[in-house]
Amino acid sequence: MATIQQLQKTLRFTFGIVPIVAGLDKFTNLLTHWENYLGSNAAMIPFAAATFMKIVGIIEIAAGILVLVRPLVGAYVVMAWLICIALQLLVAGQYFDVAVRDLVMAVGAYTLAQLTKISTQRS
């Protein structure tokens, strides 16, 4: 049976590495063409969509590193970030599947925060 520390460690690496990979991909577009996710909201950005997505990539990389270094704070940051992404997709009226996935991942990030609290209290 997995211990709280094992579960926390698994989620810590998941929510640390995945944002870093997604952030790096904002510079390469190997996984997807990220600018498409902006939809009609791209018109509201005062500069090129590609530039905006690179800024997003830097934020995601920083969030992933934060989860690895300070999992309690990082988990809440990633949770909030995922909720914001999901809300943007819902407002844009597209990629509802991705919005739902991001909300589920936000629940996972919240779970990481709670497991980290429990793990810290037991130490």
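Since we're looking at a predicted model, the values are computed, not measured.
When the side chains of ILVMFWY residues are joined at heavy-atom separations under 4.5 Å, either directly or via intervening members, Leu38 and Trp34 end up in a single hydrophobic cluster. Met44 and Met53 are members of different hydrophobic clusters when ILVMFWY side chains are connected at heavy-atom separations under 4.5 Å. Leu90 and Val56 fall into different hydrophobic clusters, where Ile, Leu, Val, Met, Phe, Trp and Tyr are joined by side-chain heavy atoms under 4.5 Å apart, directly or via other members. Residues Val104 and Val98 do not share a hydrophobic cluster, defined by chaining ILVMFWY side chains whose heavy atoms lie under 4.5 Å apart. Under the 4.5 Å side-chain contact rule for hydrophobic residues, Val100 and Ile85 do not share a cluster.
When all heavy atoms are compared, the tightest approach of Ala86 to Ala99 is CB-O, 3.5 Å. Of all non-hydrogen atoms in Ala106 and Leu82, the two that sit nearest each other are N-CD1, 3.7 Å. Looking at every heavy atom in both residues, Gln6 comes nearest to Thr3 through OE1-N, 2.7 Å. When all heavy atoms of Leu11 and Gly108 are compared, the closest pair comes out as CD1-O, 4.1 Å.
Formation of a donor-acceptor pair under 3.5 Å by the Gln114 side chain with backbone atoms of Thr111 is not found in this model.
A 4.5 Å side-chain heavy-atom check between Thr120 and Leu72 finds every atom pair outside the cut-off. You'll find the side chain of Ile83 reaches within 4.5 Å of the side chain of Leu103, heavy atoms only.
From Ser119, atom OG reaches atom CZ of Arg12 across 9.0 Å, with rounding to the nearest 0.5 Å. Distance check, rounded to the nearest 0.5 Å: CD1 of Ile118 to CD1 of Ile4 gives 5.0 Å. Here the CD1 atom belonging to Ile58 is positioned 10.5 Å from the CG atom belonging to Leu24, to the nearest 0.5 angstrom.
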For this session: Take Met105 and Phe15 through the side chain to side chain contact (heavy atoms under 4.5 Å, CB included) test and state the conclusion after the steps.
Result: CA-CA 9 Å; Met105 287 176 27; Phe15 286 99; 4.2 Å; yes
For this session: Check the pair Leu68 / Phe13 against side chain to side chain contact (heavy atoms under 4.5 Å, CB included), numbers first and verdict last.
Result: CA-CA 7 Å; Leu68 294 174; Phe13 284 119; 3.8 Å; yes
For this session: Please assess Val67 against Leu112 for the test side chain to side chain contact (heavy atoms under 4.5 Å, CB included), listing each intermediate value before the final yes or no.
Result: CA-CA 10 Å; Val67 169; Leu112 170 58; 3.9 Å; yes
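Residues satisfying the salt bridge (Lys or Arg N to Asp or Glu O under 4.0 Å) test with Lys9, not counting sequence neighbours, are none. In terms of the side chain to side chain contact (heavy atoms under 4.5 Å, CB included) criterion, residue partners of Ala92 (sequence neighbours excluded) are, by chain and number, Asn41, Gln88, Gln94. With sequence neighbours excluded, the residues forming a side chain to side chain contact (heavy atoms under 4.5 Å, CB included) with Thr10 are Thr14, listed by chain and number. Legend: residues meeting side chain to side chain contact (heavy atoms under 4.5 Å, CB included) with Leu66, ordered by chain and number and at least two apart, are Arg70, Val73, Val77. Residues satisfying the side chain to side chain contact (heavy atoms under 4.5 Å, CB included) test with Leu7, not counting sequence neighbours, are Ala2, Leu115. Under the side-chain hydrogen bond (donor to acceptor under 3.5 Å, both in side chains) criterion, Glu35 pairs with no residue at all, not counting sequence neighbours.
Applying the salt bridge (charged side-chain N to carboxylate O under 4.0 Å, His left out) test to every pair with at least one member in residues 15-25, sequence neighbours left out, gives no pairs at all. Sorted by first then second residue, the salt bridge (charged side-chain N to carboxylate O under 4.0 Å, His left out) pairs that include residues 41-64, not counting sequence neighbours, are Lys26-Glu60. Sorted by first and then second residue, the pairs that involve residues 84-121 and meet ring-ring contact (aromatic ring centres under 6.0 Å, His included), not counting sequence neighbours, are Tyr37-Tyr95. The list of salt bridge (charged side-chain N to carboxylate O under 4.0 Å, His left out) pairs with a residue in residues 111-120, not counting sequence neighbours, is empty. For the salt bridge (charged side-chain N to carboxylate O under 4.0 Å, His left out) condition, no pair includes a residue of residues 86-112, sequence neighbours left out.
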